[in-house]
Amino acid sequence: MMYWNDHGMNGWGLGLMTFSMLLFLGLIIFGVVLLVRHLDGSPQQHPSGRPTPPPPERPAPEQLLAERLARGEIDADDYRQRLEALRTGAGRPPAGRPS
């Protein structure tokens, strides 16, 4: 009559073994789901389920300058001077030197 009574394991041992097995299987399933999502290649989604919007495009420097003129931040002479500097690259530091 050897091995009767599950090698001395009581209800707590059986419960702990069941819980551990369920936890282990849950971690394996969670890992597989993460791996499939990572390898899927579809665009990332926001946590709410909606796709993330693309980053906004930056306006061109000449457009920013025109907007500053329209808002009254600079006058027409300053606008022309800065526009000319943008188009000729006169306002840039020489290559190889920090600004």
Side-chain angles (χ1 to χ4, degrees):
M1 301 271 180
M2 208 167 152
Y3 303 117
W4 276 35
N5 201 16
D6 296 326
H7 306 286
M9 185 183 305
N10 59 13
W12 288 106
L14 184 62
L16 183 59
M17 185 174 62
T18 304
F19 175 75
S20 300
M21 190 60 170
L22 289 175
L23 181 66
F24 179 70
L25 289 174
L27 287 174
I28 288 178
I29 292 170
F30 182 71
V32 168
V33 167
L34 283 180
L35 183 66
V36 167
R37 282 182 141 191
H38 178 71
L39 296 177
D40 185 22
S42 62
Q44 296 294 323
Q45 288 193 350
H46 192 269
S48 67
R50 296 178 300 222
T52 54
E57 294 183 23
R58 291 184 62 185
E62 293 179 4
Q63 183 181 1
L64 287 175
L65 194 57
E67 289 174 4
R68 288 185 66 193
L69 176 65
R71 286 192 300 259
E73 294 177 8
I74 57 175
D75 61 357
D77 292 332
D78 197 19
Y79 170 76
R80 281 188 222 101
Q81 181 183 9
R82 290 175 188 241
L83 187 61
E84 183 64 29
L86 277 175
R87 289 182 177 165
T88 61
R92 295 184 185 158
R97 294 182 62 197
S99 54

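Listed by chain and number, the residues in a side chain to side chain donor-acceptor pair (under 3.5 Å) with Gln81 amount to none (sequence neighbours excluded). Every salt bridge (charged side-chain N to carboxylate O under 4.0 Å, His left out) that Glu62 has, sequence neighbours left out, goes to Arg87. Judged as a salt bridge (charged side-chain N to carboxylate O under 4.0 Å, His left out), and not counting sequence neighbours, Asp75 has no contacts.
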Side-chain donor-acceptor contacts of residues 63-74 below 3.5 Å, not counting sequence neighbours, with atom names and distances?
unit_1: Arg68; atom_1: NE; unit_2: Glu73; atom_2: OE1; d: 3.1
unit_1: Arg71; atom_1: NE; unit_2: Glu73; atom_2: OE2; d: 3.0
unit_1: Arg71; atom_1: NH2; unit_2: Glu73; atom_2: OE2; d: 3.4

Identify each donor-acceptor pair in which a side-chain atom of residues 13-33 lies under 3.5 Å from a protein atom, sequence neighbours left out, and give them as a table.
unit_1: Thr18; atom_1: OG1; unit_2: Leu14; atom_2: O; d: 2.9
unit_1: Ser20; atom_1: OG; unit_2: Leu16; atom_2: O; d: 2.8

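The pair Arg37-Asp40 does not count as a salt bridge, with every side-chain nitrogen at least 4.0 angstrom from each carboxylate oxygen.
To the nearest 0.5 Å, the span separating CG on Leu83 from OG1 on Thr88 amounts to 9.5 Å.
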